[in-house]
Amino acid sequence: MTTSAKQAAQILLDIEAVCLSPQAPFTWASGLKAPIYTDNRLIMSYPRERKVIEYLLAKTIKEHYPEVTVIAGTATAGIPHAAFVAAELDLPMIYVRSSAKDHGKGRAIEGALDKQAKVVLIEDLISTGRSVLNAAKQIQAEGAEVLGVVSIFNYQLNSGEQAFKEAGLASQSLTDYTTLLEIATTEGGLAEYKTSLEDWYQDPVAWSQAQQN
């Protein structure tokens, strides 16, 4: 657990971009019950915290992908962070739609992208990895190179890790579920739920089913 990871996790908890509620689980869009809900769009509304997050994103990109020439955001949550980071790094920005437009040129990518581009994708969070990996495929289909993915938060789900491995794509996250859990169960009064919270990310489906029984 790095200092930067702890700093990012603390920010997400402080502004309630991440909420933990093992005693009253959230229902995700998939229908699964989960003890965590994440909305990193809230970061936009907190200038001081936002500056820290964007600084850490830019720092991560410079450390891992110094050859980057284009910053890409995933629609919609990754777009503002891509814009802030592209400005910080003085680089061009594009964003990738979840699906191609059904009018005009029918493109999924907004912005100028040439085949020599070396792209880093910014995503607000990683769960299964499906959306950002689809965005990477859209960029690769244009002939550009995707160097990797940088996200703010990673649920560390086995399905997500496996998806990135199969895609052969590198990824880094500012912070992750285990770091968040360590802080929340030490300082946030959730110590008695630590085992349950750990069980969730090991097997979200089994955890969800247990809540419904």
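If you read the sequence from its start, that first residue is 1, and numbering goes on from there.
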W200 and Y155 aromatic centres sub-6.0 Å: yes
How far apart are the closest heavy atoms of A5 and T175, and which atoms are they? O-OG1, 2.8 Å
Applying side chain to side chain contact (heavy atoms under 4.5 Å, CB included) to K137 and L133, what does each step give before you reach the verdict? CA-CA 6 Å; K137 288 179 182 178; L133 290 174; 5.5 Å; no
Count I, L, V, M, F, W, Y as connected when their side-chain heavy atoms are under 4.5 Å apart, and connections chain through other members. Are L13 and Y193 then in the same cluster? yes
Check for me, please, whether F153 and I15 land in the same ILVMFWY cluster - side-chain distances under 4.5 Å, paths through other members count. yes
Answer yes or no: are there more than 12 heavy-atom neighbours, outside E16 itself, under 6.0 Å from its atom CD? no
Any donor-acceptor N or O pair under 3.5 Å, side chains T179, D176: yes
L121 reachable from I109 in the ILVMFWY side-chain graph, under 4.5 Å edges: yes
Interatomic spacing from CD in E198 to OG1 in T185 - rounded to 0.5 Å: 7.5 Å
Flag the pair Q7 / L56 as yes when at least one side-chain heavy-atom distance between them is below 4.5 Å, and no otherwise. yes
Does either side chain, that of S159 or that of T128, offer a donor lying less than 3.5 Å from an acceptor on the other one? no
R50 side-chain N/O to I43 backbone N/O, donor-acceptor pair under 3.5 Å: no
Quick one: closest heavy-atom pair of A17 and L42, and the distance? CA-CD1, 3.9 Å
Kindly give the heavy-atom pair with the smallest separation between A170 and Y65, and that separation in Å. CB-OH, 3.6 Å
If you measure from OH on Y55 to OG1 on T60, what distance do you get to the nearest 0.5 Å? 9.5 Å
First locate atom CD of Q202, then atom CH2 of W207, and finally report the distance between them rounded to the nearest 0.5 Å. 14.0 Å
Taking every heavy atom of L57 against every heavy atom of S151, the minimum-distance pair comes out as CD2-O, 4.1 Å
For I53 and L174, the nearest pair of non-hydrogen atoms, with its separation, is O-CD1, 3.7 Å
Could you go through the side chain to side chain contact (heavy atoms under 4.5 Å, CB included) check for L113 and V119 one step at a time? CA-CA 9 Å; L113 178 68; V119 182; 3.9 Å; yes
Show me the donor-acceptor pairs within less than 3.5 Å that the side chains of residues 25-37 make with the rest of the protein, sequence neighbours left out.
{"residue": "T27", "atom": "OG1", "partner": "K33", "partner atom": "NZ", "Å": "2.9"}
{"residue": "W28", "atom": "NE1", "partner": "I36", "partner atom": "O", "Å": "3.0"}
{"residue": "S30", "atom": "OG", "partner": "L32", "partner atom": "N", "Å": "3.4"}

When every non-hydrogen atom of A9 is compared with those of L180, the smallest separation belongs to O-CD1, 3.8 Å
Got a donor-acceptor contact below 3.5 angstrom from the T186 side chain to the E182 backbone? yes
Under the 3.5 angstrom rule, does the side chain of N154 hit a backbone N or O of S173 as a donor-acceptor pair? no
With a 3.5 Å distance limit and no angle check, can you tell me whether Y177 reaches the backbone of L197 through a side-chain donor-acceptor pair? yes
So L12 and I152, do their side chains get closer than 4.5 Å, heavy atoms only? yes
Applying side chain to side chain contact (heavy atoms under 4.5 Å, CB included), run through K59 and E63 and close with a yes or a no. CA-CA 6 Å; K59 179 182 176 184; E63 288 177 354; 3.1 Å; yes
Judged by atom type as modelled, is there a donor-acceptor pair below 3.5 Å linking the side chain of Q172 to the main-chain atoms of H64? no
Quick one: pull up CD in E145 and CD1 in I139 and give me the separation to the nearest 0.5 Å. 11.5 Å
Cut-off 3.5 Å, side chains only: do Q162 and E166 have a donor facing an acceptor? yes
With rounding to the nearest 0.5 angstrom, report the CD to CD distance, E192 to Q23. 8.0 Å
Given side chains that start at C-beta, do those of Q138 and N134 come closer than 4.5 Å, heavy atoms only? yes
Rounded to the nearest 0.5 Å, what separation is found between the CD1 atom of I126 and the OG1 atom of T38? 12.0 Å
Counting only pairs under 3.5 Å, give me each side-chain donor-acceptor contact of residues 68-83, with atom names and distances, residues two or more places apart or in other chains.
{"residue": "T69", "atom": "OG1", "partner": "K118", "partner atom": "N", "Å": "2.8"}
{"residue": "T69", "atom": "OG1", "partner": "K118", "partner atom": "O", "Å": "3.3"}
{"residue": "T74", "atom": "OG1", "partner": "E123", "partner atom": "OE1", "Å": "2.5"}
{"residue": "T76", "atom": "OG1", "partner": "R41", "partner atom": "NH2", "Å": "3.2"}
{"residue": "H81", "atom": "ND1", "partner": "E54", "partner atom": "OE2", "Å": "2.8"}

So Q156 and T178, side chain to side chain contact (heavy atoms under 4.5 Å, CB included) or not? Walk me through it. CA-CA 8 Å; Q156 295 177 293; T178 53; 3.1 Å; yes
Is there a path from V96 to V132 through hydrophobic residues (I, L, V, M, F, W, Y) whose side chains come within less than 4.5 Å of each other? yes
Are L181 and I183 joined in one hydrophobic group, where the rule is that I, L, V, M, F, W and Y side chains link up if heavy atoms are under 4.5 Å apart? yes
